[in-house]
**Q** 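Before I ask anything, here is the structure I am working with.
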There are 2 protein chains.
Amino acid sequence: MVTYCRSVLDDDPVFKALADPVRRLLLDLLFVQDGRSLGELDAAVNEHTEMTRFGVSKHLRQLENAGLVLTRKRGRTKHHYLNPVPIQQIHQRWIGKYTERAGIASVLLGMKEQLEQSPDEPKRPGHEPKDES
Amino acid sequence: MVTYCRSVLDDDPVFKALADPVRRLLLDLLFVQDGRSLGELDAAVNEHTEMTRFGVSKHLRQLENAGLVLTRKRGRTKHHYLNPVPIQQIHQRWIGKYTERAGIASVLLGMKEQLEQSPDEPKRPGHEPKDES
DNA sequence: TTGACATGTGACTAAATGGTCACCTATTGT
DNA sequence: ACAATAGGTGACCATTTAGTCACATGTCAA
């Protein structure tokens with residue numbers, strides 16, 4: 001109880017870390033290949049967008065604080081490793097219940113488009129509010 | 001292709017919308033009971049944190065823009081409905097691959113704690129960088 | 001019609017965030 | 001020892017964001 005793993009109970013930093021496209025790109029890069037240094041990641045990021053080493057470093061630190069990236073210093077270079085566990089946690093503890101419901105809701109796959117284009121419909125099959133007039 | 005549902009290709013607003021705890025609370029509230037009005041949601045939110053009607057309204061609009069909440073105006077009140085589809089989408093298109101990998105990585109369930117407490121270890125089983133000294 | 005109710009709007013402030021830079025430390029190789 | 005390399009720090013600025021408020025609109029009910 002008391003020694004319960006600290007990061008388990010606040011997934012907020014994880015969600016916050018995932019909110020930035022550059023950070024998601026970094027995770028994608030590490031997903032493809034683990035253990036890269038800051039310099040390597042900086043180079044990879046700059047194939048997509050322009051950003052200095054410092055910006056990349058800051059993003060990596062945020063990922064690290066969220067537990068999504070684990071690091072190991074080896075000589076003068078710092079290697080970064082993807083840790084997918086926090087993502088799995090927010091999935092289990094939060095996202096899962098929504099995807100289950102969505103699985104039901106989106107039986108008709110094209111439904112979403114229709115839903116988003118008719119702003120005067122409640123847009124969920126069945127389960128209409130029971131018109132308490 | 002051309003008419004591909006607009007919101008499918010940028011999940012960024014969805015991640016951004018999920019990055020705030022109040023907005024996640026709103027989704028949780030709508031998950032429990034759909035179709036609530038702004039006033040009702042305001043009251044429910046204020047059981048957890050203090051916020052004016054305007055703040056809640058703003059958050060709801062962001063959720064709406066991300067497609068996570070669909071609305072219908074009925075008389076003078078606006079009803080809010082949860083739409084889990086965008087969450088399912090980011091799950092399929094992004095989160096899924098990480099949770100799969102995490103499923104492998106966390107075969108030992110208690111592993112994560114250990115990993116986070118030994119900052120001088122690469123912390124992923126196998127797949128060590130090949131010590132190119 | 002009048003007043004209470006439910007919500008929307010635009011301006012505004014305070015705080016958080018993303019990004020850069022000048023400078024620093026530590027490590028490596030010669 | 002020296003220069004080159006990899007990275008960290010703290011200050012700094014611009015932009016975004018969260019939140020509130022005064023005010024306006026539309027709706028219901030007497």
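Protein chains get the first letters and strands the later ones, always in sequence-line order, with residue 1 at the start of each.
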**Q** Would you say A:Ser37 places a side-chain N or O within less than 4.0 Å of OP1 or OP2 belonging to D:dG7?
**A**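 For A:Ser37, the contact criterion (side-chain N or O under 4.0 Å from OP1 or OP2 of D:dG7) is met.
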**Q** Using a 4.5 Å cut-off on heavy atoms from C-beta on, say whether the side chain of B:Gln89 contacts that of B:Val14.
**A**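 Sidechains of B:Gln89 and B:Val14: no contact.
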**Q** From the set D:dG8, C:dA4, C:dG8, return the single nucleotide nearest to any side-chain atom of B:Leu38.
**A**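 Shortest atom-to-atom distance from the side chain points to C:dG8.
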**Q** Whole angstrom is fine here: how far is it from CZ in B:Arg72 over to P in C:dT7?
**A**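 Those two atoms, CZ and P, are 15 Å apart.
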**Q** Distance from B:Gln62 atom CD to B:Leu26 atom CG, nearest 0.5 Å?
**A**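 If we round to the nearest 0.5 Å, B:Gln62:CD and B:Leu26:CG are 10.5 Å apart.
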**Q** Rounded at 0.5 Å granularity, tell me how far CD1 in B:Ile90 sits from CD1 in A:Ile95.
**A**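 It is 5.0 Å, given to the nearest 0.5 Å.
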**Q** Scan A:Asp11, A:Leu63, A:Leu27 and name whichever one has a side chain to side chain contact (heavy atoms under 4.5 Å, CB included) with A:Leu18.
**A**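 Answer to the side chain to side chain contact (heavy atoms under 4.5 Å, CB included) test with A:Leu18 among A:Asp11, A:Leu63, A:Leu27: A:Leu27.
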**Q** Not counting sequence neighbours, which residues clear side-chain hydrogen bond (donor to acceptor under 3.5 Å, both in side chains) with B:Thr77? List them please.
**A**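 side-chain hydrogen bond (donor to acceptor under 3.5 Å, both in side chains) check on B:Thr77 returns B:His79.
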**Q** Heavy-atom distance under 4.5 Å between the side chains of A:Asn65 and A:Arg61, does that happen here?
**A**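 The answer is yes, as the side chains (C-beta and beyond) meet within the 4.5 Å cut-off.
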**Q** Under 4.0 Å from OP1 or OP2 of C:dG8: is there any side-chain N or O of B:Lys78 that close?
**A**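 Affirmative; the distance criterion is met.
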**Q** Counting primed atoms plus P, OP1 and OP2 as sugar-phosphate and everything else as base, spell out the protein contacts along nucleotides 15-20 of chain D at 4.0 Å heavy-atom distance: B, S or - for each nucleotide, 5' to 3'.
**A** ---BBB
**Q** What integer distance in Å separates A:Arg61:CZ from C:dT17:P?
**A**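 Distance, rounded to whole Å: 15 Å.
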**Q** How many whole angstroms separate atom CZ of B:Arg76 from atom P of C:dA4?
**A**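 Result: 12 Å.
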**Q** To the nearest Å, how far apart are A:Phe15 CZ and C:dT17 P?
**A**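 Going from CZ in A:Phe15 over to P in C:dT17 covers 16 Å.
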**Q** Contact between A:Lys16 and B:Pro21 at the side-chain level, heavy atoms closer than 4.5 Å - yes or no?
**A**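 Heavy-atom side-chain distance check passes, below 4.5 Å.
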**Q** Of A:Arg36, A:His59, A:Lys78, A:Arg53, which is the lone residue that meets side chain to side chain contact (heavy atoms under 4.5 Å, CB included) with A:Leu41?
**A**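 Answer after filtering A:Arg36, A:His59, A:Lys78, A:Arg53: A:Arg36.
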**Q** Of all of residues 39-47 of chain A, which get a heavy atom below 4.0 angstrom from DNA chain D, listed by number?
**A**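 Those residues whose heavy atoms fall under 4.0 Å from DNA chain D, taken from residues 39-47 of chain A in numerical order, are A:Gly39.
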**Q** Within the pair A:Ser57 and D:dG7, is there a side-chain N or O less than 4.0 Å away from OP1 or OP2?
**A**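 False: A:Ser57 side-chain N/O out of range (4.0 Å or more) of D:dG7 OP1/OP2.
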**Q** For B:Tyr98 and A:Phe31, take the angle between the two ring planes, folded into 0 to 90°, and tell me which bin it lands in: parallel under 30, tilted 30 to 60, perpendicular over 60.
**A**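 Geometry flag for A:Phe31 against B:Tyr98: perpendicular rings.
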**Q** Taking atom C1' of C:dT9 as reference, at what distance in whole Å does atom CD of B:Glu64 sit?
**A**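 In whole Å, C:dT9 C1' and B:Glu64 CD are 15 Å from each other.
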